[in-house]
Structures are given as structure tokens and as C-alpha cells.
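What follows is a short report on a single structure.
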Protein chains: 2
Amino acid sequence: MNQMIRNFSRLTKEEKTELITKLFTSDAPAACELLSKYNLQDPTVQSLHDGFAENTLANYYIPYSVAPNVMVNGRFYCVPMAIEESSVVAAASKSASFWAQRGGFKASVEKAVKKGQIHLYYKGDKKIIFAFFEKVKDNLLRACEPITKKMTERGGGITSLALVDKTDVEKDYFQIDLSADTMDSMGANFINSTLECLAQEFKRLFEEEKIAGELQIIMCILSNYTPECVAHVEVSAPVDDMADGDMSGSVFCEKFVKAVRIAHLCTERAVTHNKGIMNGVDAVVIATGNDFRAVEACAHAYAGREGRYSSLSTAEVKDGVFRFWMDVPLAIGTVGGLTRLHPLAGLSMDILGNPSAKELMMITASVGLAQNFGAVRSLVTSGIQRGHMKMHLNNILLSMGASTEQMEKANVFFKDKIVSHSAVEEFLKK
Amino acid sequence: MNQMIRNFSRLTKEEKTELITKLFTSDAPAACELLSKYNLQDPTVQSLHDGFAENTLANYYIPYSVAPNVMVNGRFYCVPMAIEESSVVAAASKSASFWAQRGGFKASVEKAVKKGQIHLYYKGDKKIIFAFFEKVKDNLLRACEPITKKMTERGGGITSLALVDKTDVEKDYFQIDLSADTMDSMGANFINSTLECLAQEFKRLFEEEKIAGELQIIMCILSNYTPECVAHVEVSAPVDDMADGDMSGSVFCEKFVKAVRIAHLCTERAVTHNKGIMNGVDAVVIATGNDFRAVEACAHAYAGREGRYSSLSTAEVKDGVFRFWMDVPLAIGTVGGLTRLHPLAGLSMDILGNPSAKELMMITASVGLAQNFGAVRSLVTSGIQRGHMKMHLNNILLSMGASTEQMEKANVFFKDKIVSHSAVEEFLKK
């Protein structure tokens, strides 16, 4: 099969499944049966899920777990996490319990400014376009009232609108920069719809009033870079209270602080260090129906905001106290998008006590810091492979239908060996 | 409920579900029933999924879709995508078909170097530690042969091992830097296990040979930053062949090139631009059982490698030809991890024709570029909200059980209004 498939999107789900399995899989009936297993039996709920994307054949499964004992600002949360990587939920839960016994996470969100821009080119006299913008600014805001009215009534809405001169980076390039308070929603639809409406009206008035110069609107789009929508989270405890197994509190803290410092100094390490934070963050973002690509893009751009990619978290020991903290941008919502539409995202909100967006930001940041603490703790004490490989081994054994006896023997055999599918297969053959 | 839950991880799945729904949800029986719906009926397969993480209560569903007509280096692929955001699969499919009629994606992978480091502090004479390292290097490599043997037999393994002086950034700080060829696996387990074994042996020999100075090993860990594991992908076509609706090819290309240029100049835009690329990339990464946090962290750090966060993709018009390309680091695998363990990841590999890791890198990068092309095309032509809001509206209507007639009326009513859950609810009441 090396040719175009035409009009694929117009086929029914059944026709799509039949065609794709026939053309592309090694065993079409088996593939069909597998896909059918990964569809819900209730057709109404399944068609709701199918509506979230296009060309859907089934549901991809990611484990839906919970990390209990996440204490944030004195309150205990049980946090839903959706993640396919082993050890993450276990590490987050363990760290959360550890810190719950030491006062928990202290978190705060100062503001939650969301932004978007109309990107445009204007050839002409700068003074003219700025004067025109100031003159029509109120008209623009009025023109998009049908879109902004509800948000304004709820206490949010557009908080600023400005024409920005960007001609220092590119000839004739300007932005109309919008800031908004989107309350408990992530705000993408609000901002994009508002920007498109503003741009249309701006262009209409520019032409109607026959303004001198040439205007070209390139695009209108929210920005996922939200450095003014940041959660701060921290934990602290006396150094003596940080002993880990045989390791004294002071040795543990010394190694921990050095490990985090290395993540500040070295990009190779910073990327993996922050990846660990995002293991925790994304798991909550996904379980609550938020968009993890948006959160990821912003967090990592933020990690490089000073011109060098660096650690999001910082650790120190001062006056006998260990302190570990992080600032992380999190443009997430608790209404809108899939946050209520996806039945399990809805359940997540319920389990979390129906938090506000700011509260969810603080919970998510806490899980990120918990995750980071757990990973760095493992790294500076026992190493991460011991626990990790054991779980991986058991997963492989499970998938091969190994007996309890075989599993026990395999666990002894692989103590000092690398676990792989083929190695386990070979072991079972023997 | 504002207290610790102890020994939660030791409970059975049923006990966990009962406890969490009782303590944290507004309607425990309904929550239990919902969770039960999101579990597979086949207990063997469900326990396989439960084994991927810890404290699992159910499976979180993400739509499992396909984008047909992705032509890479002359071959047509049907690409599985797992993503919960509407429009992504549709846009990728549309772009893929568009480019399949214009020669498709040209992709290449030069090398796929994976890295890891032993981070250590050494107080003493630099010459001594370097001499010691050179002396024991072969011993170190031999010591980890039980781990590396299989990979070496398959043609991969450790490709370099070096002691790196990092004292310019931090007093006494050194790295033992490992490069590896992990063949078709992502390689995290291989690298981490190897590093831990190397570090143990390094420390043992250091002590055994009573080397002068003080050695402290902080941690051993792979780096998710893989700037030498990059896929290049590009498309090109005559400008005249790029007309879009009413827009001529030359106007379209001019606006498109400007839009991509803005993503190079402006961080606010670059983050969202790259987020769009990752919409496509992550969907393939997830559908093939790979780790999207690793890919995300690396891609965005790479986007900032020149000291300013910038666009991953570039567009130009030269001699009447439009060209659009991207380099994106992608440390992904087609064996190991969940790539075969997760039944749907296994099916994805089958649908893709069981590609090598390098082939999967090229396919994934192509979908990323397709996605980016689709998003920027929408932005510079019709705007992105029209299609997006329609789908969002229909999802909400579906979740509220609206009739066909109500859906038609709603689509007319919301043409110039912002779609939200409450607005649709209000509309249906009327």
C-alpha cells in the first residue's frame, strides 16, 4: 500500500477501522479485536470521547492513579495523576507523605495573567498608527463585547490592550498585546476569539477611516508563554530531620543541594531534572483535562528565561534549615476545555474538592516539587535503577504470563543484570 | 478528611477505590461506577495496565486516532496519534495529504547519540584524577560488561567515556560523560544501569588504590538533552502551487514566512508555535509508548540553545520555491519501555510497519512539521477559531444529550459568540 487514501475522514469509525487494519496491520482481525477491546461498551460515552479528536479508532490508555497525602497550605489533597511511567506516582506519594509530616507544601499564586497578540506589519509613520490605535481602542473593546461580556460579568475579562512597537527586531513589525483575566478557565478560546474579533474591527476601521500607510495582519493567537501566571511552592525542615536511611541529615542535605546546584550549572542535567518535575506536573495536568503541551512549552521556555537553560527548582541549607522551592508557570483551568467534558477529568475535579484554577496551580506545582524531591533523593542515595528495574521486570513478566515462582526466580536472577524484553524471554525459556 | 492516609499503597485496588471515593468524592457509588467503566473487563490485560504505574484506579482515556497519507521519503505511512485536543489530528492529516501531493516529507537522521553523566566532586590535584581515570577506564568498561554485552552484540553499546573538567563552572566539579548507541531502544535503562555500575566500580577502585584527594559521587543519570539525536525534516513546493482558497500562492507564502519569522523573533510567539509542533510530535510519541516528557524537555531546551528561546521550524521563499523545515531532537525507541508492552503501542508499531528508531524519529518529526504547517496556515488565512469552536460546541452539545435539531440551531446561534459550557446550557434552556 503506497498510495493516498482519499476522503478518509468521511468514513464511519467502523469503516476507518476496517480499512486501516486491512491495509496496515499484519493481522487485521486481531487488530480489530484489540481496538474493539479499547472502546467503551456504552456507545454514548464512547462517542463523547471520539468527539474530542478526529479519525478516532479507540481510546489510548494511560494509568489513572492517585497520590494521597499531598498537603498544600495545611490542607490534605488526594491528587489524581495520569501517567504511563512507573515510579512516578510512587515517588510523588512517598515525598508527599514525607513532607506532610514536616508541615507540607507552602504554595502561592500572585497573579494569573494570560496573554495574546495580534501580530501585524504596518508600513508608514509610527505616529499615525499609534494615534489611530489610541483613538479606536474603545471601539475595539466595544466590538468584542459579545465575546467578553460573560467573562467580565464573572469578574474577569480584558485587563489591558496596547499597541507595541517591535520595529527594533523587525522592520514594520508591531503587536497588539492583550492581557486577560480568564478566571477559572485556561482561557485559550476566550483569548483567541477576542483577538480575532479585535483584529477584524481594527482592520475594518483602518480601511473605513482611510488611515495612511499599509496594514497587514499576519495572525492572532494567544501566547502559551505566561511568565505572569506562576505558582510558587516550597518545603522546609531542620537539616537533622532529613536523615535518609544510613545517611545523616547533613550529608543528605549537602548532596541534595549539590545535585540541584548541578542542575543550575549544567544544561545536560537541567533538562532531565526539569523533566522529572514535569513528570509530576503533567500527570496532574492530564488527569484534570488540561493541555500538557501548553504547560510543557511554557515551563521549559521559562527555565531558559535568563539566557541559559537551567533548573526550575532550587535548594539551600541556611541556619540549620533545609529549604527546597520552585516557581513554575502553569496556565491551567478548572472549567472549560475538557476539564468537565472528560468524565474522568470531572471526577478528578471532584476528588480535588472542585478547586479554583489558582488552587489547582498550587496543587500541581506541589506534586511537581514532590516528584522532583523524590527523584533527586533517589539519585543522591540509592540511585534510581534499583526500584525502577524491578517494576519494569515485573511488567515484562506479567505481559508474558509468568507464574509466581518464575517471577520470584527472575527477580533474583536480574538483580545485577539489565532488564530487557529479550533477556526476560531468554530467562523464561531456560 | 484532613489527615494522613497511612499504608495506602498496600491496599488492594478495590480497597483504594472504595477509600478514595468515600473520603474525597461527592457521590461515592457514582464515582465507583464511573471508575469501573474505565477499567477493562479482561482482568489479565487490566492488571498489565495497572502495573505500568502505582496506585492505579482506572485507565485515563485519550483518543487513539490515525493520520493517513503521511508520506516520508517516498513511503506512505498511516500514523497513530494519541491526543485529547481537537483539530490536531484533522490538521495533521490535511497537511499530510497536501504535502503528499507535493512530494511528501524529506527526512533524515544523521546520528542518534544518547548521553549520560556521573556527576562527582573531587577535591585534590586535577592531574591525579585524570591519570587515575585513564588508568582504570578499561577496568570500568569491563566491569559493566554484564550490562552492556547484549547491546554491544547487537551493534550498539558505549561509544565514548570521558572525564570532563567542570571546575570552570563549579569548584571541584567533574563529570564522567558517557555516550552510547542504544540502537532501537530509547536507552534510559541501559544508560542509567551502566552509569550506576561504572560509578560503583570507579569509587571502589579509587578507594582500593588509595588515590590522593577526596571523591564524592553525587549522582548517575542519563541526560534527556540529546542535541546529537536529531531528526531533520522538510517540505518544498513552487510558490504558485501554494495558493489557499482565495489567497494566491505568493501572498500565502509571504504571510507564512512572516509568521514563522515572528516565531523566531518573539518568545511569546515561539512558545506557542513550538507547542503546535509538539501537538503533533507528542501524539505520535504517546501512541508508540514513548516518554513525551523526555521529548518535550529536550525539544524546548534545544529551541533555546542559542541563548534565546526561538522557533524550531524555519520557512523561506527562494527562486520561486517555498521551503519549510525543522530540526528536532527526538530520543525515542521502537523496542523497550512500553513500546511493546502496551497493547496499543504494539499495534501502533504494527500499523507503522515496525519501524526502526531512526525511521520513527523521521515519521514523528514529519507529523510535527505537518501539524505546524496546518496551524500556521490556519493562522495566516481563516484564523484558528472558526473550526475549533465548532468542534468544541458540538462536544458540549453531545455531552448534554442535545438533539440533532438543537445542534443545528446551536451552530447557527453560536456563529459569532464564544462557546462555553454555561452559554450552551443557557441556550438549550431557551
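Throughout, a chain's letter reflects where its sequence line sits, starting with A, and its residues are numbered from 1.
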- Query: What residue among B:L57, B:D50, B:T56 forms side chain to side chain contact (heavy atoms under 4.5 Å, CB included) with A:S65?
  - Reply: B:T56
- Message: Given heavy-atom pairs under 4.5 angstrom as the criterion, report whether the side chain, backbone, both or neither of B:I286 touches chain A.
- Response: both
- Message: Between B:Y60 and A:H342 (judged by ring centroids, cut-off 6.0 Å), do the two rings come close enough to count as a pair?
- Response: yes
- Select, from B:N274, B:I221, B:V380, the one with the greatest count of heavy-atom pairs under 4.5 Å involving chain A. B:I221
- Message: Under a 4.0 Å threshold between the charged nitrogen and the carboxylate oxygen, would B:K94 count as salt-bridged to A:E54?
- Response: no
- Task: Measure distances from A:I396 to the heavy atoms of chain B and classify the residue's part below 4.5 Å as side chain, backbone, both or neither.
- Result: both
- Message: So for A:N279, is it side chain, backbone, both, or neither that comes closer than 4.5 Å to the heavy atoms of chain B?
- Response: both
- Message: With a 4.5 angstrom heavy-atom cut-off, is it the side chain or the backbone of A:K37 that approaches chain B, or both, or neither?
- Response: both
- Message: Regarding A:R261 and B:E170, does a basic nitrogen lie under 4.0 Å from an acidic carboxylate oxygen?
- Response: yes
- Is it the side chain or the backbone of B:N394 that comes within 4.5 Å of chain A heavy atoms, both, or neither? neither
- Which portion of B:K258 sits near chain A, non-hydrogen atoms under 4.5 angstrom: both
- Item | A:E85 versus chain B, the contacting section by heavy-atom distance below 4.5 Å | both
- Go through the atoms of A:V88 and report whether side chain, backbone, both or neither lie under 4.5 Å from a heavy atom of chain B. backbone
- Between A:C78 and B:I20 the two heavy atoms that sit nearest each other are SG-CD1, 3.5 Å
- Item | Proximal component of A:S93, with respect to chain B [non-hydrogen, under 4.5 Å] | side chain
- Side chain from CB out, backbone as N, CA, C, O: work out which of these in A:F190 comes under 4.5 Å of a heavy atom of chain B, or both, or neither. both
- About how many Å separate NE2 of A:H300 and CE of B:M278, when rounded to the nearest 0.5 Å? 9.0 Å
- Item | Test of ring centre spacing under 6.0 Å for B:Y225 and A:Y309 | no
- Item | Residue A:R75 versus chain B: region with a heavy atom under 4.5 Å | both
- Kindly assign one of parallel, tilted or perpendicular to the pair A:Y38 and B:H49, based on the angle between their ring planes and the thresholds 30° and 60°. perpendicular
- Item | Atom group of B:V45 that falls short of 4.5 Å from chain A, counting heavy atoms | side chain
- Task: Measure A:Y173 against the heavy atoms of chain B and call it side chain, backbone, both or neither at under 4.5 Å.
- Result: side chain
- Interchain contact, B:I351 with chain A, by part (heavy-atom threshold 4.5 Å): both
- Task: Against chain B, label A:E196 side chain, backbone, both or neither, depending on which of its atoms sit under 4.5 Å from a heavy atom there.
- Result: side chain
- Item | Residue A:L195 versus chain B: region with a heavy atom under 4.5 Å | neither
- Is it the side chain or the backbone of A:L338 that comes within 4.5 Å of chain B heavy atoms, both, or neither? side chain
- Message: Does any backbone or side-chain atom of A:C266 lie under 4.5 Å from a heavy atom of chain B? Answer side chain, backbone, both or neither.
- Response: side chain
- Query: With no hydrogens and no angle check, is any side-chain donor or acceptor of A:N55 less than 3.5 Å from a backbone partner on B:V66?
  - Reply: yes
